[in-house]
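Residue numbers start from 1 in every chain, and the chains themselves are labelled A, B, ... in the order their sequence lines are given, proteins ahead of strands. This is a predicted model, so every value here is computed, not measured.
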Protein chains: 2
Amino acid sequence: MQPFDALSEQHRDAILKARKRVIEAIGKNMDLYGVTLSVGHLYGMLFFSEKPMTLDEMGREMEMSKTSMSTGVRMLLDLKMVNKVWEKGARKDLYEAESDWHQTFADYFAIEWRKAVEANVGALNKSAAELRRLKEQTDGEESLHAVLDRDLEKIEGALAYYRWLDRFIDTLESGRIYELVPKDEP
Amino acid sequence: MQPFDALSEQHRDAILKARKRVIEAIGKNMDLYGVTLSVGHLYGMLFFSEKPMTLDEMGREMEMSKTSMSTGVRMLLDLKMVNKVWEKGARKDLYEAESDWHQTFADYFAIEWRKAVEANVGALNKSAAELRRLKEQTDGEESLHAVLDRDLEKIEGALAYYRWLDRFIDTLESGRIYELVPKDEP
DNA sequence: AAGAACGTACAGAAAAAACTGTACAAAGTT
DNA sequence: AACTTTGTACAGTTTTTTCTGTACGTTCTT
């Protein structure tokens, strides 16, 4: 028996209206995490859910197919915004929203931004090496070297930024960010 | 006369290949900034351009319509990833890539994340007020209050997070982040 | 003032993505 | 071992987004 269903219709509606506003807002802004409006909505629904939900329950509530719930939940799992919950003797998989949004934020950066850093740094280093090699092999060709130097300078600038971003992500991943910017207001 | 065009075909190709790898990588990861692959590619192209470019030049280089360049550049301008350049007596608008990626990163957060914070905090506060009002008007209804308290607690948790995020964005906006996580490696 | 060049609004076409229903493998129940 | 139940892969459909070509207002040139 769920506490929520026992309430009067009037009170239920009032609560649902309040929740809906928040869910809508969350869903709308979750594109910053690279997910669809509907996946964002799914997260918001899980956030207010009294208890962990099954795919079927989500589908019923969102009026969407189970397939969509499956893929949506998987995205949220990848982003660590949702946790799989174990319950004794439960046939179906259960999921609940991760409610520590600091952690969610930090994980997102650790996962997505680090991925981007690595890919870009890889490309930058490889290209820089090529350009440096070309420079060595063409001693004295002034106008070529002018172009090469400018490109190499740009690449070095980008690499410097990524070194910083990497260290910034470290602070998120390690939680050191909360020493630098404390959770409790000053 | 541009220095680049004066080079031998072999050298040009080598440089273009090196640039292309980086442009491709940048473009691919710019979805973190909420832009398309092609807009990301456009940024990468501008990043390596010897000089500011016109819409027509971009269209020629990207083999895309001028309309697309116009909308693409506007997006990049909104994200402050591209600057409009003034040149004496130039008919056409000229654009160049913002090469300070620290600034780009900070601006993105200031613009997009702050927008999300405000929208969500607004919704959370409004809903919290509604729920608190309902609570006051229903003194003694225990099971209702149990639900309300849980929702209010969740909302308060979210608000606490947004207060932190807001202060974090402040550090980006003010540049104080570079005191906390220095640009020069330790 | 007329003409040319530029950037963008807008509608339609093309491409990409989100979503669904069916089918099926894996795991659980009887 | 036969029968359910559950989650997901996959193909096809719908919806959304991206991209293009034309049209037009604005600005600059003459």
Taking the minimum atom-to-atom distance to the side chain of B:T36, which one of D:dT18, C:dA18, C:dT8 wins?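 That would be D:dT18.
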Closest approach to the side chain of B:R74, judged atom by atom: which nucleotide of D:dT20, C:dT8, D:dG7 is it?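 Looking only at heavy atoms from C-beta outward on B:R74, the closest nucleotide is C:dT8.
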Output the rounded distance in Å from [atom1] ([X]) to [atom2] ([N]).
{"X": "B:E57", "N": "C:dA5", "atom1": "CD", "atom2": "P", "answer": "17 Å"}
{"X": "B:M53", "N": "C:dG7", "atom1": "CE", "atom2": "P", "answer": "13 Å"}
{"X": "A:K66", "N": "D:dT8", "atom1": "NZ", "atom2": "P", "answer": "9 Å"}
{"X": "A:Y95", "N": "D:dT6", "atom1": "OH", "atom2": "P", "answer": "13 Å"}
{"X": "B:D31", "N": "C:dA16", "atom1": "CG", "atom2": "C1'", "answer": "14 Å"}
{"X": "B:L76", "N": "C:dG7", "atom1": "CG", "atom2": "P", "answer": "16 Å"}
{"X": "A:M64", "N": "D:dT8", "atom1": "CE", "atom2": "P", "answer": "15 Å"}
{"X": "B:R60", "N": "C:dC6", "atom1": "CZ", "atom2": "P", "answer": "11 Å"}

Could you check whether [X] pairs with [Y] (Lys NZ or Arg NE/NH1/NH2 to Asp/Glu carboxylate O, under 4.0 Å)?
{"X": "B:K92", "Y": "B:E57", "value": "no"}
{"X": "A:E130", "Y": "B:K20", "value": "no"}
{"X": "A:R176", "Y": "A:E179", "value": "no"}
{"X": "B:D151", "Y": "B:R132", "value": "no"}
{"X": "B:R12", "Y": "B:E9", "value": "no"}
{"X": "B:R163", "Y": "A:D184", "value": "no"}
{"X": "A:E50", "Y": "A:R19", "value": "yes"}

By the definition side-chain contact (heavy atoms from CB on, under 4.5 Å), identify the one residue from A:I23, A:T36, A:V35 that meets it with A:H41.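 When side-chain contact (heavy atoms from CB on, under 4.5 Å) is applied between A:H41 and each of A:I23, A:T36, A:V35, only A:I23 qualifies.
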Taking OP1 and OP2 of [N], is either one under 4.0 Å from a side-chain nitrogen or oxygen of [X]?
{"X": "A:S38", "N": "C:dC19", "result": "yes"}
{"X": "B:S65", "N": "D:dT20", "result": "yes"}
{"X": "A:S70", "N": "D:dG7", "result": "no"}

Expected output: side-chain A:T71 to main-chain A:S68 donor-acceptor under 3.5 Å: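 Yes, A:T71 side chain to A:S68 backbone: donor-acceptor pair under 3.5 Å.
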Difference in axis direction between the ends of the helix from C:dA1-D:dT30 to C:dT30-D:dA1, five pairs, 10°: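 Result, rounded to 10 degrees: 20°.
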N/O donor-acceptor pair, side chain A:T67 with base C:dG21, under 3.5 angstrom: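 Checked by distance alone, the answer is yes.
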For DNA chain D, the residues among residues 85-92 of chain A that have a non-hydrogen atom under 4.0 Å from it: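 Within this stretch, A:R91, A:K92 sit under 4.0 Å of the strand.
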In Å, rounded to the nearest 0.5 Å, how long is the span from CG of A:L79 to OH of A:Y33?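 With rounding to 0.5 Å, CG (A:L79) is 9.0 Å from OH (A:Y33).
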For B:T71, report the nucleic acid contact type (base, sugar-phosphate, nothing); a contact means any heavy atom under 4.0 Å.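 No contact.
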